[in-house]
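Numbers for residues simply follow the sequence, beginning at 1.
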Amino acid sequence: MGITPGTDGLFILSLVHELLKAGKIDLDYLARFTNAPVLVNEDPDSPEFGLLMRDTDGKALVIDRATGKPAPFDQKGVRPDLSGHIRRAGITHRSVFQHMVERYLSDEYAPEAVAEPTGISADRIKRIAAELAHVAFNEAIEIKQEWTDFRGEVHKTMTGRPVSFHAMRGISAHANGFQTCRALHVLQILLGSVEVPGGFRFKPPYPKPPEAHPKPHAKPKPGSPLNGPHLGFVQGPDDLALKPDGSPARIDKAFTWENPMSAHGLMHMVISNAHAGDPYKIDTLFMYMANMSWNSSMNTRGVIDMLTDQDENGDYVIPRIIYSDAYSSEMVAYADLILPDTTYLERHDCISMLDRPICEADAMADAIRWPVIEPDRDVRGFQSVLIDLGARLGLPGFVNDDGSATYKDYADYIVSHERRPGIGPLAGFRGDGSEAGRGAPNPDQLDRYIENGGFFAEHIPDEATYYKPWNKAYQDWAVKMGIYDAPQPYLFNLYVEPMRRFQLAAEGHGHRQPPDHLRAQIRETLDPLPIWYPPFEDNAVDTDEFPIHALTQRPMAMYHSWGSQNAWLRQIHGVNPLYVPTRLWEANGFCDGDWARVTSAHGEITVPVAHQAALNENTVWTWNAIGKRKGTWALDEDAPEATRGFLLNHLIHELLPPKGDGLRWSNSDPVTGQAAWFDLRVKLEKTAPPDEAQPVFPPIKSPVGGAK
């Protein structure tokens, strides 16, 4: 379906509306495995208004259908009541599910109401909802496999709803992306299609309850390690990375009132904030393979100016930049110190269970890369260089008691480092080589991985394969494998209480308060139940002047741009046109070989166009990372990537256009800080072909010379 960009959440919630109206939801699944039956405080005068009802041990409470009384959600024998309610101490508490029904049965989510903004007809929305319901409930799967849930109840079978969803970063790359992702997950859960046969399934080390994740820390002290991880999951205002005066503690302003739940940080704001000295000036910017002066940056021209800007004394506003890359990318020219990296073929890498492993739903798995060729130049793997720097600086964790280096290089670190006793970067072949998950460091571990093709896998027992968040056998297996130290069953949070805590602060409750100019945004966007609101750029620009949506994405072969240096891939990805749908193609009188001027509120480009019928009629798109700046990547200045390749980034800005309040608002999701790349609005017009794609930046003098 060619949906209007930024309206995915509205479309999804319309499907939810139809399923609720038809009664096609998995009530048993919702009652047993989600917080749908948990009770919510409904007293608007209470400082706990909108929070979940809990017992003295902090356990969320439900109404037990058998007794009609409140009980902890995980109590053995409890039968949670989705329609539960209670009045206690003059305050009414009703279940999350009742709040959901009231919200999503509202006419604002009816197919007839959302058809125009989404570009999908009401009849089609109704048909899709009916198809989902038919497959989920009329074509259910049943596996005769006994399992025991976290309440101690034994089930003889596993019921599957064969409805599965796949979503990538596109739906999150909007200012409403977080709530849209939540809406998609709620849709899956209402159908009972998560962690069941035929549905979406978690890959180890997930699932984990949000409370099991670390909270962010931001209290650096010279000569000492950080007091905790720099990224994490906040549970409320007390976990924000703020200084005592309320200002941001981090240069990217992550975990602040602007974007409280920014679990991945705000990479796209670092250079802009550093240049502005807001929230503070920095001495040195240290970046790895980010290419933030080109295809990884919003506001490309502006960022280039920031990187080269000088103050009244002639000093750079950002004093020093250290950068590491395997190629002479666009960012290299702006660095004071360059640490040349190896390619993947020349170094050790660890695809670890502690980061983003290669697991399957049926198995935990990790992998390594190892050098298969020797570098023919003076380079070392970036990880080994960092370890060396840590030792030279005497940083804790990198030196022994006698001051000697703890690790010889990254390969040694992979094998020897323990995050906690028995848990290291690699889960396979530990101890004497026969242990998995937990075990002492094995000096022969990398050799064992190489003997096994670079991979390790440990399959999940049959009785633990499904229902992982609530399956006792899976919880015990996960503890044995070192995924966590004690069983951690939990309910799916359809209602996200931490978001309500931020709303309460914006309403004036609590000792930690947001600035006044952000109160309305927090109240409106951090709703504990999924909502939809228009992308911010739609309200910041004249959509009549800029009626077209414009998207950019990387080819799968070029996730880090490096694939563009493969000779055979250059033949495929050497140039990129702007893809135009049939309606706009015909309206502008385009023909093969034509060019277009594309203008946004932030800039202008002139680029080649190509016809693509399978597009929303008001949307254009192109590949990212193909266009190169002259003089970079050791390419000739007349290489096709530098003359016909281009970036849509020149049209995007890290800040929204001014809206007259004297503030500059980040072009990001207000919950997570995710850059709103896909909110871009443009206008399109046919133009005479230039000699090469515009704009043209002055060539960069490459330290490695031109291609031979």
K.L.:
Quick test of your reading of the model: are E346 and R377 salt-bridged, counting only N-O distances below 4.0 Å?
P.N.:
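Looking at R377 together with E346, the answer is yes, because their closest N to O distance falls below 4.0 Å.
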K.L.:
How close do A326 and T342 get, heavy atom to heavy atom, and via which atoms?
P.N.:
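So the minimum-distance heavy-atom pair works out to CB-O, 3.4 Å.
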K.L.:
Among residues two or more places apart or on two chains, list those pairs meeting side-chain hydrogen bond (donor to acceptor under 3.5 Å, both in side chains) that have a residue in residues 470-482.
P.N.:
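Every side-chain hydrogen bond (donor to acceptor under 3.5 Å, both in side chains) pair that includes a residue of residues 470-482, provided the two are not neighbours, is K472-D476, Q475-Y484.
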K.L.:
Should the heavy atoms of other residues, nucleotides or ligands under 6.0 Å from NZ of K203 be counted, would the total exceed 12?
P.N.:
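Not buried by this count: 12 neighbours or fewer within 6.0 Å.
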K.L.:
Could you walk me through whether W147 and Y467 pass the ring pair (Phe, Tyr, Trp, His ring centres under 6.0 Å) check?
P.N.:
CA-CA 9 Å; W147 67 287; Y467 301 101; 4.3 Å; yes
K.L.:
Is a side-chain N or O of D409 found less than 3.5 angstrom from the main chain of D412, in a donor-acceptor match?
P.N.:
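Yes.
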K.L.:
Is the number of heavy atoms from other residues, nucleotides or ligands within 6.0 Å of OH (Y29) greater than 12?
P.N.:
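Yes, enclosed.
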K.L.:
Show which side-chain atoms of residues 211-221 pair as donor or acceptor with protein atoms under 3.5 Å away, not counting sequence neighbours.
P.N.:
| unit_1 | atom_1 | unit_2 | atom_2 | d |
| --- | --- | --- | --- | --- |
| K215 | NZ | D239 | OD1 | 3.4 |
| H217 | ND1 | K215 | O | 2.8 |

K.L.:
Could you tell me whether a side-chain N or O of Q445 sits under 3.5 Å from a main-chain N or O of G428, the two making a donor and an acceptor?
P.N.:
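Yes, Q445 side chain to G428 backbone: donor-acceptor pair under 3.5 Å.
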K.L.:
Have N400 and T406 got a donor and an acceptor in their side chains that come within less than 3.5 Å?
P.N.:
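Distance-only check passes for N400 and T406.
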K.L.:
Hey, is E360 close enough to R201 for a salt bridge, meaning N to O under 4.0 Å?
P.N.:
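So E360 does not pair with R201 through a salt bridge.
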K.L.:
Donor-acceptor pair, K408 side chain versus A405 backbone, under 3.5 Å?
P.N.:
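Here the side-chain-to-backbone pair does not exist.
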K.L.:
Show the numbers, then the answer: is there a ring pair (Phe, Tyr, Trp, His ring centres under 6.0 Å) between F200 and F202?
P.N.:
CA-CA 7 Å; F200 171 86; F202 288 103; 5.5 Å; yes
K.L.:
Could you check if a side-chain atom of C359 sits within less than 4.5 angstrom of a side-chain atom of M353, using non-hydrogen atoms only?
P.N.:
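A side-chain contact exists here, since the closest heavy-atom pair is under 4.5 Å.
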K.L.:
Got F456 and L426 here, is their nearest side-chain heavy-atom distance under 4.5 Å?
P.N.:
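No; the side chains remain at least 4.5 Å from each other.
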K.L.:
Start with the C-alpha distance between F429 and Y449, add both sets of side-chain angles, then the distance that settles ring pair (Phe, Tyr, Trp, His ring centres under 6.0 Å), and finish with yes or no.
P.N.:
CA-CA 8 Å; F429 312 112; Y449 269 83; 5.2 Å; yes
K.L.:
Please name all residues satisfying side chain to side chain donor-acceptor pair (under 3.5 Å) with Y206, sequence neighbours left out, ordered by chain then number.
P.N.:
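Expected list: none.
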K.L.:
Would a distance-only check, ignoring hydrogens and angles, find a side-chain to backbone donor-acceptor pair under 3.5 Å from S416 to Y413?
P.N.:
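Absent.
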K.L.:
Within the distance-only criterion (no hydrogens, no angle test), does the side chain of D669 pair as donor or acceptor with the backbone N or O of Q674 below 3.5 angstrom?
P.N.:
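Pair absent, no side-chain N/O of D669 close to backbone of Q674.
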K.L.:
Which atom pair, heavy atoms only, marks the closest approach of K468 to A361?
P.N.:
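The pair with the smallest heavy-atom distance is NZ-O, 3.1 Å.
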K.L.:
Salt bridge between R347 and D341, side-chain N to carboxylate O under 4.0 Å?
P.N.:
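Yes, this pair counts.
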K.L.:
Does D402, at its CG atom, have more than 12 non-hydrogen atoms belonging to other residues, nucleotides or ligands within less than 6.0 Å?
P.N.:
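Count over threshold, so yes.
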K.L.:
Counting distance only, does the side-chain N/O of D679 pair as donor-acceptor with the main-chain N or O of A175 below 3.5 Å?
P.N.:
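Answer holds: yes.
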